[in-house]
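In what follows, a structure is listed as structure tokens, so that the remarks can point back to it.
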Protein chains: 2
Amino acid sequence: MGETFVLSESMEDYLETILNLIKQNGSARVTDIARTMEVAASSVNESINRLSARGLVEQEKYGPIKLTAAGREWAERIDCTHQIIYLFLEKILGIDPETADRDACAIEHDLSQKSFKAMVDFLLANGHLTEQSCALAILAKKEEADGMAAKEVMLNDLAVGSTVEVVKLTSKGALKRKLMDMGLNRGAKIEVKGKAPMGDPIEVKVRGYSLSLRKKEAEEIMVREV
Amino acid sequence: MGETFVLSESMEDYLETILNLIKQNGSARVTDIARTMEVAASSVNESINRLSARGLVEQEKYGPIKLTAAGREWAERIDCTHQIIYLFLEKILGIDPETADRDACAIEHDLSQKSFKAMVDFLLANGHLTEQSCALAILAKKEEADGMAAKEVMLNDLAVGSTVEVVKLTSKGALKRKLMDMGLNRGAKIEVKGKAPMGDPIEVKVRGYSLSLRKKEAEEIMVREV
DNA sequence: GAATTTATTTAGGTAACCCTAAATTGGATT
DNA sequence: AATCCAATTTAGGGTTACCTAAATAAATTC
């Protein structure tokens, strides 16, 4: 296996961002990463090259960034640590969500395995984590459940009045960019307000805004009942 | 005056080491610092020059390093944070002393004031800190009092017309640098000139210059009324 | 007090991260 | 097919923070 022993905070942040983008949008492009992390695209490019040299990430020229198995594992570990710290701060110390998230972000790279486990135990003992297994397993289970719970359908297949949640955007390129810009990211709640006779266009409400989607666009949006 | 702004982790570590050496040996020399931090003497020299340029440290050529008032205050704040985290990890989470110290070292630079205070309260409530015996608690209280005097809020929460003072930048990396470059250092006076409908962007005046801040940026700036 | 050892500084590198500006490239539009 | 635009890469810089090696100053020892 890639005997990559240590990564800088920055590299870990990149991995984490990439993982989250893939989970949210199905892919992670240079520009997405740059926007999320608020750095220049050229900086992302450089960092991706470093991660790639370490075998944590793969990218064909001009293509999207993919995590290798090792990279994904690493990213998931960081993400899990993040979540546990977040929960600990919020549930045990009563810190507000925003601050808890910021602190989790800052600390996740440095916390020892021992302290991490102690936090998991503490959360378990106080009923804030309901499984007995380790936090990683809980998270894995949770994601599995998420995927199983409700069947995914295309937005244009819904009846008027449905309220759903975005699971994934299947489109690529400009269209996806456009949809993302409209706020149609993973987790966004959508209410179907109206449909024209042939199902084109579809009127929806997202985050308080009314949008009119072409059928072509709606087909690219995978959703599930909430 | 407190024309000291934000310091890198490394700089904070130097300050902390210097304070501890002075407490232990009565003085801090380049070599002592180099040994304690396990870096080359020339690296220490360089870092001392940077700290000196910031007015946190003083040194006559070939002489020992001394903390200025501002430097000592900063070092003591970090040290206090370190101790509280250490105690929290040891007493509450049951982490062994060595690991607790390592974690405290790593985390002390990043933990928010809120989480810090919550840890103090937690320790107090469980009898691991007594206000009279422990100087740490006093310091903690002092900071609490500071925080009470004028509540810290995010810049984007202010009404048009407010005049405030920067307390802290919560962002990291590029964004923080950008904000610093705009002159938004600790102590800088800011007047809120205008806000767009959704609070984005926000027009402010800093040191005579007009700036337009994105909401995202304004959220990273903690301020208090003056 | 001269020689030797130790401390400090200077000089010259390197690597990680970040930037802006200027090429490329690829997908969309026409 | 030619054009345009957005995304990506390359080129060229800058800062922080570390290093080794060599020069210089201070302290110690003989």
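Numbered from 1 within each chain, the chains take letters A, B, ... in sequence-line order.
Rounded to whole angstrom, the span from the CD atom of B:Glu9 across to the C1' atom of D:dA17 amounts to 13 Å. Here the P atom of nucleotide D:dT24 and the OH atom of B:Tyr62 are 9 Å apart, to the nearest Å. At whole-Å resolution of the value, CE in A:Met37 and P in C:dA16 are 16 Å apart. When the P atom of C:dA16 is taken as reference, atom CG of A:Leu7 falls 12 Å away, rounded to whole Å. If you take CD of B:Glu60 and P of D:dA25, they are 16 Å apart, rounded to a whole angstrom. If you measure from atom NZ of B:Lys61 to atom P of C:dT9, you get 7 Å, rounded to the nearest angstrom. One interatomic measurement links the two molecules: CE of A:Met11 to P of C:dA15, which rounds to 15 Å at whole-angstrom precision. In this entry the distance linking CZ of A:Arg35 with P of D:dT8 reads 11 Å, nearest Å.
Between A:Ser8 and C:dA16 there is no side-chain polar atom (N or O) within less than 4.0 angstrom of OP1 or OP2. Proximity of A:Tyr14 to the phosphate of C:dC18: a side-chain N or O atom is located under 4.0 Å from OP1 or OP2. Residue B:Ser10 has no polar side-chain atom (N or O) positioned under 4.0 Å from OP1 or OP2 of D:dT16. Distances shorter than 4.0 Å separate some side-chain N or O of A:Ser43 from OP1 or OP2 on C:dC19. Contact annotation: A:Asn45 reaches the phosphate of D:dT9 (side-chain N/O to OP1 or OP2, under 4.0 Å). Note on A:Thr31: a side-chain N or O is less than 4.0 Å away from OP1 or OP2 of D:dT8.
Expressed to the nearest 0.5 Å, how far CG of B:Leu111 lies from CG of A:Leu89 amounts to 7.5 Å. With rounding to the nearest 0.5 angstrom, the CG atom of B:Asn45 is 10.0 Å from the CD1 atom of B:Ile33.
Residue A:Arg50 is classed as a base contact, given a heavy-atom separation below 4.0 Å to a base. Nucleic acid contact class of A:Gln59 (heavy atoms, under 4.0 Å, all strands): sugar-phosphate only.
Of the candidate nucleotides D:dC18, D:dT8, C:dT9, C:dT9 has the atom nearest to the side chain of B:Ala41. Nearest nucleotide to the side chain of B:Ser42, out of C:dC17, C:dC18, D:dT20: D:dT20. Candidate nucleotides D:dC19, C:dT8, D:dT8 were compared by shortest atom distance to the side chain of B:Glu46, and D:dC19 ranks first.
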Pairs of donor and acceptor atoms involving the side chains of residues 102-109 of chain A, under 3.5 Å and at least two apart or interchain, shall be tabulated with distances.
from     : atom 1 : to       : atom 2 : distance (Å)
A:Asp103 : OD1    : B:Ser112 : N      : 3.3
A:Asp103 : OD1    : B:Ser112 : OG     : 3.4
A:Asp103 : OD2    : B:Ser112 : N      : 3.3
A:Asp103 : OD2    : B:Ser112 : OG     : 2.7
A:Asp103 : OD2    : B:Ser115 : OG     : 2.5
A:Glu108 : OE1    : A:His82  : ND1    : 2.7
A:His109 : ND1    : A:Glu12  : OE1    : 2.6
A:His109 : NE2    : A:Asp13  : OD1    : 2.9
A:His109 : NE2    : A:Cys105 : O      : 3.4

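For the pair B:Asn20 and B:Thr36, the minimum side-chain heavy-atom distance is 4.5 Å or more.
Using a cut-off of 4.0 Å between Lys/Arg side-chain N and Asp/Glu carboxylate O, B:Arg77 and B:Glu73 are scored as not salt-bridged.
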